[in-house]
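This one's a predicted model, so the numbers in the text were calculated from it and none came from an experiment. Per chain, numbering begins at 1; letters A, B, ... match sequence-line order.
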2 protein chains.
Amino acid sequence: MTCSADYAPQLRARGYRMTPQRMVILHVIHHSGKHLSPSVIYEKARKELPGITETTVYRTLEFLAQNGLVRSAHMGNGHLVYEIAGHEHHHLKCRICGSEMEVEHSLLAKLYHQLETASGYQLTDSHLTFFGLCPNCQKGE
Amino acid sequence: MTCSADYAPQLRARGYRMTPQRMVILHVIHHSGKHLSPSVIYEKARKELPGITETTVYRTLEFLAQNGLVRSAHMGNGHLVYEIAGHEHHHLKCRICGSEMEVEHSLLAKLYHQLETASGYQLTDSHLTFFGLCPNCQKGE
DNA sequence: TTCCTTATTGCAACTATTTGCAATAACATA
DNA sequence: TATGTTATTGCAAATAGTTGCAATAAGGAA
């Protein structure tokens, strides 16, 4: 939990504030290896800070994502999940069994350069999900 | 509207049925150049088929996407939008002004091959959204 | 340490999306 | 063309996510 306090200066420098709610939410996301849904984050956060509301969780997640402290990822069902920022990676997901696999962002570096050159856009960190069939499910179809 | 009937055999071959609701929804998506949100699709569909419900729109969109007649795209806000299938492309989106730009899938062909080789997954058509700063917004920051 | 500004929270009401289930209607078959 | 099977729809109720606004509290300045 103390670890989350480390983020405070980052926020203050931009005119924002560190609050118990933000600390708890950062703590929850930080200490879960995987991506979490807002409702799971709410349930976990509630155990450490009983008064916290779902509204605050939603708003805080959006805030933290916008400020680069967490990453949001869309895993294909129209819902966002969240993970701690710092490790740029993407996911491959099986359309059939739903299994997931991480892909390092470095694999996409060349593509990103190409896209930047071709478009004039300057690309920033953001999560991608690629869909397909995992080796196992390819056998069935 | 007749055009949507062309999809019927495709559905029947798989044991599904063509219905007025599906025809109207396909028609709406087909004749709009861009991606549409479920609520916009509902409003447009309602004009042609007044009794249609939002529930049906949501369920139909998911069904059509799963069967490859439409594509769903996630443009970053946690909500899905839909477009007619057939033109494989992706989008670049500006984090600041929200402007969008299409990217042909062919630009990603090499990457897809690399990912398939590295992972064993067999990748299938699906939409990606890349985030960044458009040329205009780069000046401001 | 106290005060002041204003970012942040909680509450309540709202909009968006999902789910279960009974009624309906495609469409394959006779 | 009439019939039976069952995929699909609509309705109602549930869950998920968003928004406006007044009350609260972070944290810089005195």
Original post:
Does D/dG17 have OP1 or OP2 sitting under 4.0 Å from an N or O in the side chain of A/H79?
Top reply: yes
**OP:** Mind calculating the distance between CD (B/Q66) and P (D/dT8) to the nearest angstrom?
**Re:** 12 Å
Original post:
Start at the 5' end of DNA chain D and walk down; is the nucleotide closest to B/F63 or to B/N77 reached first?
Top reply: B/F63
Original post:
Is the phosphate of D/dA26, meaning OP1 or OP2, less than 4.0 Å from a side-chain N or O of A/T19?
Top reply: no
Original post:
Looking at DNA chain D, which of residues 7-18 of chain B put a heavy atom within less than 4.0 Å of it?
Top reply: B/G15, B/Y16, B/R17
Original post:
In the single-linkage hydrophobic clustering (I, L, V, M, F, W, Y; side-chain heavy atoms under 4.5 Å), do A/Y58 and A/L36 co-cluster?
Top reply: no
Subject >> Atom of B/I25, atom of B/A45 and distance for their closest heavy-atom approach >> reply: CG1-CB, 4.5 Å
**OP:** Look only at the side chain of A/E116 and the backbone of A/L123, and say whether a donor-acceptor pair between them is shorter than 3.5 Å.
**Re:** yes
**OP:** Starting at atom CD of A/E54, determine the distance to atom C1' of D/dA16, rounded to an integer number of angstrom.
**Re:** 8 Å
Original post:
What integer distance in Å separates A/L61:CG from D/dT18:P?
Top reply: 10 Å
Subject >> pair B/L115-B/Y121: side-chain heavy atoms closer than 4.5 Å >> reply: no
Original post:
Expressed in angstrom and rounded to an integer, what is the separation of A/M23 atom CE from C/dA7 atom C1'?
Top reply: 17 Å
Original post:
D/dG10 P sits how many Å from B/R22 CZ, rounded?
Top reply: 11 Å
Original post:
What class does the angle between the rings of A/H91 and A/H89 fall in, given that below 30° is parallel, 30 to 60° is tilted and above 60° is perpendicular?
Top reply: perpendicular
Original post:
Backbone N or O of A/H79 within a donor-acceptor pair of the A/N77 side chain at under 3.5 Å?
Top reply: yes
**OP:** Could you check how far OH of B/Y42 sits from C1' of C/dT17, rounded to whole Å?
**Re:** 14 Å
**OP:** State, to 0.1 Å, how close A/L133 and A/C94 come at their nearest heavy-atom pair, and which atoms those are.
**Re:** CA-SG, 4.0 Å
**OP:** Can you label the angle between the A/H90 ring and the A/Y112 ring as parallel, tilted or perpendicular, going by 30° and 60°?
**Re:** tilted
Original post:
Taking for each residue the nucleotide of DNA chain C with the nearest heavy atom, is it A/T60 or B/G78 whose nucleotide lies nearer the 5' end?
Top reply: A/T60
Grab the N/O contacts between the protein and nucleotides 19-24 of chain C below 3.5 Å, and write none if there aren't any.
from   : atom 1 : to    : atom 2 : distance (Å)
C/dG20 : O6     : B/R59 : NH1    : 3.4

Subject >> Contact under 4.0 Å: B/Q21 side-chain N or O vs D/dG10 OP1/OP2 >> reply: yes
**OP:** Using modelled atom types only, decide if a donor and an acceptor are shared between the side chain of B/H74 and the backbone of B/G78 within a distance under 3.5 Å.
**Re:** yes
Original post:
Of A/Y58 and B/T56, whose closest DNA chain D nucleotide lies nearer the 5' terminus?
Top reply: B/T56
